[in-house]
Chemist: 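Please read through the structure below; I'll follow up with questions.
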Amino acid sequence: MSVRVRFAPSPTGHVHIGNIRAAIFNWLFARHEGGAFLLRVEDTDLERSTPEAIATLLEVMEWLGLDFDEKPPMYQTSQRHRHLEAAEQLLTQGDAYRDSKGGEGEAVVFRIPFDTERIPGVVTVGPIDVPVHPDVPVTVSSKGVGYAGVSAKGTPAPGGACLAGCKDLQVFAADGTCLFSLAGKEEAILRGGESFTLPGATRLHFTRRTITYRDLVKGEMNKPLDSMRDVVIVRSDGSPVFHLANVVDDITQGITHIIRGDDHVENTFRHIMLFVCLGATPPAYGHLPMIVNAAGKPYSKRDGDAFVGDFRARGFLPDALFNYLTLLGWSPGDDREKMTRAELVEAFSLNRVQHASAQMDIQKLTNLNGQYIAELPEEDFFVRCRERLSEFEWGRELDEGLLRAVCQLMHSRLKVFADVEQWRYFFVDFPEYDAKVCAKQCRDDAVVAALRSLPTKLASVEPFTAAALEEVIAAAATAAGLAPGKLNQPLRAAVTGSGIGAGIFETLEVIGKERTLARLQAEKWLPQK
RNA sequence: GUCUCCAUCGUCUAGUGGUUAGGACAACGGGUUCUCAUCCCGUAAACAGGGGUUCGACUCCCCUUGGAGAUGCCA
């Protein structure tokens, strides 16, 4: 059977970096296997799932090159009838029941199947004893076993399990007498609705069973049935819960492999049971570790910078972000880091995915982005810069020749497109002067005198080229009693207002004679005494 | 509280019983250079702790610690 995977986000207008990483891994897996990558929009939260939010989601996916198969995507709200039909089916099969605990009306609750023969991966471990607190009566009914455990302090601690978790249950009092025995009563409880309340019990004795599955990234996973409880699948207001909707849609779409975040591992056990009870073969599962912030904590609203849109806005290239994100929790097994899509598709495999969560490192992303920018063809780089620059008032109508010259000069220095903001001094009459830099560079009287002598000397330089400038400026420094080159940084400060930039002679050439002279003469660089 | 999962330099990672524990980003030092960046060279930097198993553990098992997730009407 060919591979079918899906990305199933709920559109909220902001696509989270962890979510998109899940999408990337699904996409990589599908392309590697030659399978299908589907999109399912889980738009059941009607408040937040606006058309704009959905548009944002699609835009982000396109930006990152995450093309999905079988368009249009499935919208979960369109599947509501299937969800409710599935709930009905479970109800009539006896795999679910109605319960009014807690809600306004009656919710539908999926019962962890008592008869586990049909569930793959369920194994019997053996007999086990669980101490319970005698002050709280043990209850046994079709809804499960209710009891209070005993905390370290000896007080009652909330406990309970699904009935399936307590096969062969026997309830004992402190003196050893058996208050209850489940054997033979299963049918009466499950079908007949019989229930029992047993005060004064101190110990539960039952046969433990666990459910096991092999996770594609984490390996063997298992969970005792007695640590599970029945699951609400339809709310008392009649709306399907995530667990039901998700599983039903996966069945409808014929999903073969579910690759999702770590936070779903616990759900997997009950989802497997839902698949089986709905007559479907459970898919294979792989759980990706979470991406955490610089403090090692899960991203929260306070972190702000965890949305894909933010990275786009800051001028990260989609290929760079894509590449970086693949390296978060995965590696090809050799020393390669910068890899093309084709290489990534070729090398990707789930069993090389990390088991532990990973921290986002913006510096490494920035470095990688710089590498991608460096590789951009000149024309492509020029177009992107022009677009970026147009976001600034002074960057709207730039002379193309000047812009091309600036791009060529600055290409190797740019790591993130947002930084083109610092190119302002190439395009305006007067730069913003960094007072600290000017004060540091121009505090020496000899230097100031030399800078003041420059306008007349530079005026005759024709053509105004880097090579010619270098000669004249070195001579000016020498004439002022300075070592050649000692005038360069003061000159940079005086003309660009900054202490950093490309080569000063090349920079002056690009800025041009007129503005260079004007800036020197205006003496806005002169430190205020 | 209970359950599940996780643990190699600051960060991302390689490593599947025998390695000088490798690479990348960041840091630091040097070279190139007028500054910054690029580029080149180099330095510092890790197996959470404790028990086992073994001739030999980063690697296998157990415990502790720490972290994350889950714990009936969020997804």
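Order of the sequence lines fixes the chain letters, A, B, ..., with proteins taken first and strands second; residue numbering starts at 1 for each chain.
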Chemist: Contact class for A:Val265 vs. all strands (heavy atom < 4.0 Å): base, sugar-phosphate, or nothing?
Modeler: nothing
Chemist: Between A:Lys143 and A:Lys218, name the one whose nearest nucleotide on RNA chain B is closer to the 5' end.
Modeler: A:Lys218
Chemist: Examine A:His243 together with A:His271 and report whether their ring centres are nearer than 6.0 Å.
Modeler: yes
Chemist: What's A:Ala356 touching, base or sugar-phosphate or nothing? Going by heavy atoms closer than 4.0 Å.
Modeler: sugar-phosphate
Chemist: Provide the distance between the two C1' atoms, one in B:U13 and one in B:U71, to the nearest whole Å.
Modeler: 33 Å
Chemist: Do A:Asp334 side-chain and B:G23 base share a donor-acceptor contact under 3.5 Å?
Modeler: no
Chemist: Would you give the length of the straight line joining atom CG of A:Leu317 to atom CD of A:Gln371, rounded to the nearest 0.5 angstrom?
Modeler: 12.0 Å
Chemist: Report which part of the nucleic acid A:His243 touches: base, sugar-phosphate, or nothing (heavy-atom distance under 4.0 Å, all strands).
Modeler: base
Chemist: For A:Met221, answer base if it contacts any base atom (sugar-phosphate contacts may also be present), sugar-phosphate if it contacts only those atoms, and nothing otherwise; contact means non-hydrogen atoms under 4.0 Å.
Modeler: sugar-phosphate
Chemist: Could you encode protein contacts along nucleotides 26-49 of chain B as a string, one character per nucleotide from 5' to 3', using B for base contact, S for sugar-phosphate-only contact and - for no contact, with a heavy-atom cut-off of under 4.0 Å?
Modeler: S-------BBBBS-----------
Chemist: Could you please name the partner base of B:A68, counting Watson-Crick and G-U wobble pairs only when both distances are under 3.5 Å?
Modeler: B:U4
Chemist: Measuring from the side chain of A:Val241 (C-beta onward, heavy atoms only), which nucleotide among B:C3, B:C73, B:C6 has the closest atom?
Modeler: B:C73
